[in-house]
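Worksheet: one structure, shown below.
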Amino acid sequence: MTRPSDTVSAAATAPAASDFIRDIVAADVAAGKYERIVTRFPPEPNGYLHIGHAKSICLNFGIAREHGGQCNLRLDDTNPAKEDVEYVDSIQADVNWLIEGWADDRLGLKPKGKTPEAVPWRGRPDFHLAAVMPGAREAGTAPRADLEPFYASDYFDQLHEYAVRLIRNGKAYVCDLTPEQVDQTRGAPDRPGQDSPFRSRSVSENLDLFARMRAGEFPDGTRTLRARIDMASPNVWLRDPVLYRIRHVTHHHTGDRWCLYPMYDFAHCLSDYLEGITHSVCTLEFEVHRPLYDWILENLDLPRPRPRQFEFARLSLGYTVMSKRKLLQLVHERLVRGWDDPRLPTLSGLRRRGVTAAAIRHFCAAIGVTKFNSLTDVAVLEHAIREDLNRRALRRLAVLRPLRVVILNYPAGQVEQLDAVNNPEDPSAGRRRIPFGRELYIEQDDFMETPPPKYFRLRPGGEVRLKYAYIIRCDEVVRDAAGAPVELRCTADLDSKTGGATAGRKVKGTLHWVSAAQALDGEVRLYDRLFTVPEPDAAGDFQQHLNPHSLQVRTAKLEPSLGDADPRMRYQFERLGYFALDPDSQPGRPVFNRTITLRDTWAKEAARG
RNA sequence: UGCCCGAUGGUGUAACGGUAGCACAGCAGACUCUGGAUCUGUUUGUCAUGGUUCAAAUCCAUGUCGGGCAGCCA
């Protein structure tokens with residue numbers, strides 16, 4: 001069986017990517033700094049992955065791929081109040097889908113239930129948790145049931161131990177200030193903060209208090225563990241940041257074992273360290289956290305080489321929103337049909353829409369990686385999608401807005417099976433037969449009574465070719481009460497069929513069509529951009545800019561072969577666009593999503609007037 | 001107005017002191033039984049001002065503009 005992802009993978013080889021992060025990695029490799037390059041993709045399971053995450057996945061897995069290294073999938077789950085297993089499941093599915101056949105052999109997972117082990121390093125005590133490589137499924141088989149992603153929450157024991165070590169060294173203290181008081185004493189960016197009155201507690205008191213925090217003696221928000229750094233630092237993240245907070249909440253992965261949870265800054269750098277990450281790549285907003293990342297690692301006196309953090313600009317795409325909060329809002333307020341709504345930039349939405357993983361990967365390669373906050377034109381994504389689909393899609397005939405055509409000189413009841421090419425870009429896709437009869441449907445747009453200049457479709461008295469069939473002439477227009485055309489009566493040049501005597505006659509326009517008698521009705525969902533403005537989240541309420549016409553549903557006339565369309569295949573409805581079968585399809589009633597229209601130079605011409 | 005980061009055509013990027021290139025978009029044309037695809041050609045750019053240098057998009061200084069940072073979120 002040929003899967004869509006197999007069809008063109010060879011032809012779709014991406015150019016060798018290069019960017020400032022890859023340059024750093026390459027220099028480190030050249031300097032022999034690491035035995036093996038290890039990156040990681042660390043989403044928090046509090047939402048679905050979107051195309052912005054794809055940029056990070058492609059970068060991290062790409063680096064691993066280019067250096068024969070690995071990329072660990074890690075759930076950064078240190079805040080149980082916002083997280084859920086629904087998200088950990090969707091994240092795994094989306095990552096597997098995106099990297100399949102490309103970097104799945106670079107995916108680092110771990111044995112289910114396994115936590116870091118005490119592994120001495122050069123005689124010094126240390127913790128480590130190695131990945132199983134490759135952690136991906138073998139081609140065509142189910143995911144390995146004995147493996148799972150890494151979880152930051154699997155490191156809670158070691159993290160706790162590191163925290164105790166910091167306390168012992170006088171580098172951390174238990175602070176009894178309320179959140180409001182911490183806020184007031186933090187100072188401002190241009191004004192130093194004040195030391196907490198608990199800053200100079202004795203080591204033994206800190207140890208005792210921290211133990212009791214863990215034991216659940218104190219309610220939420222009453223105490224924190226803070227790093228002792230510098231309340232006057234110009235970098236506010238160095239002003240005795242909170243390392244641990246009390247949360248009496250059940251965690252989706254660790255259950256009720258903990259009521260004390262580490263903050264991102266404490267957990268992240270150490271998770272990287274425990275997994276042996278060499279290059280920890282994140283987005284620009286973490287740049288100011290880097291000194292803290294380094295501080296924690298340095299002050300723990302860890303034996304192995306430390307990971308280093310690098311930051312790049314996150315993706316912004318025109319006419320959509322990317323923030324988790326806004327996506328969550330769209331889903332929860334039912335402004336879209338779910339996380340996998342084909343109008344969303346989520347990976348599950350793009351997948352349902354019919355976009356392939358290869359197209360997304362090529363898009364990510366095309367946009368590059370820099371530290372500049374840019375707004376990427378959707379046209380770049382659209383180009384990547386068309387380029388990919390043009391090569392793999394099977395061509396089919398379908399009519400979205402039917403107009404009846406009767407061929408007066410064609411015998412009633414006669415049916416011909418015409419030979420049609422499945423994919424002119426790929427001869428191996430083969431051919432098929434499509435029925436032709438006296439009564440047909442063509443697209444309403446393909447007929448105009450008084451057409452503008454340069455219109456070369458059907459008009460009264462005009463000629464046009466029906467793809468794979470005959471040249472027809474429009475003799476008569478039948479109208480409804482309102483005067484709108486409801487049927488065209490035409491005459492065919494019966495020698496003009498492909499291969500026939502007059503087949504070579506030059507006729508400017510070629511139309512797609514479907515034979516009325518054999519046509520299959522199918523639901524077609526036509527999508528347009530979700531927002532009407534390029535930057536919906538620039539200012540004010542982004543919901544004001546929702547495009548009311550982002551989804552149009554209609555019943556189309558389909559050529560009969562579409563009755564057994566395959567959800568894994570991609571289709572081009574000729575002259576219309578690319579379509580993919582939706583899971584809502586029922587036997588005998590297919591539902592197609594329009595992934596994207598074809599480039600339409602006539603629309604541009606027509607719009608010019 | 002403290003600290004950090006950034007700025008190359010319309011958009012996104014490359015050039016690592018030595019000819020400003022690529023992609024997308026645009027425009028013009030060829031071809032076409034998809035106004036698709038393909039092919040050809042083409043318009044448009046180094047934020048500013050100084051400095052270093054034989055030579056600066058690149059190094060330095062100042063300025064301008066943009067982004068980030070004051071969660072017990074990540």
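We name chains A, B, ... by the order of the sequence lines, and we start the count at 1 in each one.
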Rounded to the nearest angstrom, tell me the gap between atom CZ in A:F266 and atom P in B:A74. 13 Å

Between P on B:U34 and CD on A:E425, what's the gap in Å once rounded to a whole number? 12 Å

For A:R457, answer base if it contacts any base atom (sugar-phosphate contacts may also be present), sugar-phosphate if it contacts only those atoms, and nothing otherwise; contact means non-hydrogen atoms under 4.0 Å. base

On RNA chain B, does the nearest nucleotide to A:T370 precede the nearest nucleotide to A:P262 from the 5' side, or the other way round? Give the residue. A:T370

I need the CD1-C1' distance between A:I385 and B:A37, as an integer number of Å. 17 Å

Pull out every residue in residues 229-236 of chain A that has a heavy atom closer than 4.0 Å to any atom of RNA chain B, ordered by number, or say none. A:P234, A:V236

May I ask you to establish whether A:R396 and A:Y571 are in a cation-pi arrangement, using a distance under 6.0 Å from NZ or CZ to the six-membered ring centre and at most 45° from the ring axis? no

What is the distance from CZ of A:R226 to C1' of B:C72, rounded to the nearest Å? 10 Å

Go through the side-chain N and O atoms of A:D388 and A:H362 and say whether any donor and acceptor fall under 3.5 Å apart. no

Can you pull out every salt bridge (Lys or Arg N to Asp or Glu O under 4.0 Å) where at least one residue sits in residues 232-247 of chain A? Sequence neighbours excluded, please. A:R199-A:D240

Would you mind checking if A:R575 and A:D600 are paired as a salt bridge, meaning a charged N to carboxylate O distance below 4.0 Å? no

Who pairs with A:E86 by side-chain hydrogen bond (donor to acceptor under 3.5 Å, both in side chains), at least two apart in sequence or on another chain? A:Y48

Using the P atom in both, what is the distance from B:U62 to B:C22, to the nearest Å? 36 Å

Is there a donor in the side chain of A:E83 and an acceptor in the side chain of A:N46, or the other way round, less than 3.5 Å apart? no

Relative to each other, are the rings of A:F573 and A:F579 parallel, tilted or perpendicular (30° and 60° limits)? parallel

Base, sugar-phosphate, or nothing: which does A:F573 touch, judged by heavy atoms less than 4.0 Å apart? nothing

Listed pairs, N/O of protein and of nucleotides 65-68 of chain B, under 3.5 Å:
unit_1	atom_1	unit_2	atom_2	d
B:G67	O2'	A:N373	ND2	2.9

Distance-only criterion, 3.5 Å: show the donor-acceptor pairs between side-chain atoms of residues 365-381 of chain A and protein atoms not counting sequence neighbours.
unit_1	atom_1	unit_2	atom_2	d
A:T370	OG1	A:F372	N	3.1
A:K371	NZ	A:E287	OE2	2.5
A:D377	OD1	A:A379	N	3.0

What is the separation between atom CG on A:L328 and atom P on B:A74, rounded to the nearest whole Å? 16 Å

Go through RNA chain B and write down every stem, that is, every run of at least three consecutive Watson-Crick or G-U wobble pairs with distances under 3.5 Å, as range with range. B:2-7 with B:64-69, B:10-13 with B:21-24, B:26-30 with B:38-42, B:47-51 with B:59-63

Sorted by number, residues from residues 309-318 of chain A placing a heavy atom under 4.0 Å from RNA chain B are none

What N/O pairs connect the protein and nucleotides 20-27 of chain B at under 3.5 Å? Give each pair on its own line.
unit_1	atom_1	unit_2	atom_2	d
B:C24	OP1	A:H383	NE2	3.3
B:G26	OP1	A:K604	NZ	2.8

Kindly write out the residues that satisfy side-chain hydrogen bond (donor to acceptor under 3.5 Å, both in side chains) with A:D537, not counting sequence neighbours, or none if the list is empty. none

What does A:R395 touch in the nucleic acid at a heavy-atom separation under 4.0 angstrom: a base, only the sugar-phosphate, or nothing? base

Value in whole Å for how far the P atom of B:G2 lies from CG of A:L238: 19 Å

Nearest heavy-atom approach of A:S196 to A:C175 is OG-SG, 3.3 Å

What's the verdict on side chain to side chain contact (heavy atoms under 4.5 Å, CB included) for A:F266 and A:L166, showing C-alpha distance, side-chain angles and the deciding distance? CA-CA 11 Å; A:F266 189 66; A:L166 239 30; 3.7 Å; yes

So, for A:H268 and A:Y264, is the gap between ring centers shorter than 6.0 Å? yes

Using the C1' atom as the reference point in each nucleotide, state the distance between B:G66 and B:C31 in Å, no decimals. 46 Å

CZ (A:R465) and CG (A:L511) are apart, to the nearest 0.5 Å, by 11.0 Å

Calculate the interatomic distance between A:M322 atom CE and B:A74 atom P; express it in whole Å. 22 Å

Can you tell whether the side chains of A:E443 and A:R457 come within less than 4.0 Å, N to carboxylate O? no

More 5' along RNA chain B: A:L511 or A:Y244, using each one's nearest nucleotide? A:L511

Hey, is A:Y264 doing a stacking thing with B:A74, by the 5.5 Å centroid and 30° angle criteria? no

SB check A:K467 A:E574 (cutoff 4.0 Å): yes

A:R290 meets the side-chain hydrogen bond (donor to acceptor under 3.5 Å, both in side chains) criterion, sequence neighbours left out, with A:E311

List every contact pair, protein side and nucleotides 30-33 of chain B side both N or O, where the distance is under 3.5 Å.
unit_1	atom_1	unit_2	atom_2	d
B:C33	O4'	A:T510	OG1	3.4
B:C33	O2	A:Y468	N	2.9
B:C33	N3	A:R465	NH1	3.3
B:C33	N3	A:T498	OG1	2.9
B:C33	N4	A:R465	NH1	3.1
B:C33	N4	A:T498	N	2.8
B:C33	N4	A:T498	OG1	2.0

Hey, are A:R314 and A:E285 close enough for a salt bridge, meaning a charged N less than 4.0 Å from a carboxylate O? yes

Syn/anti label of B:G68 as read from its glycosidic torsion, with the cut at 90° from 0: anti

Just how far, in rounded Å, is P of B:G36 from CG of A:L397? 17 Å

Considering only residues two or more places apart or on different chains, which pairs with a residue in residues 490-502 of chain A satisfy salt bridge (Lys or Arg N to Asp or Glu O under 4.0 Å)? A:E416-A:K497, A:D493-A:R505

For atom P, what is the distance between B:U34 and B:C27, given to the nearest Å? 22 Å

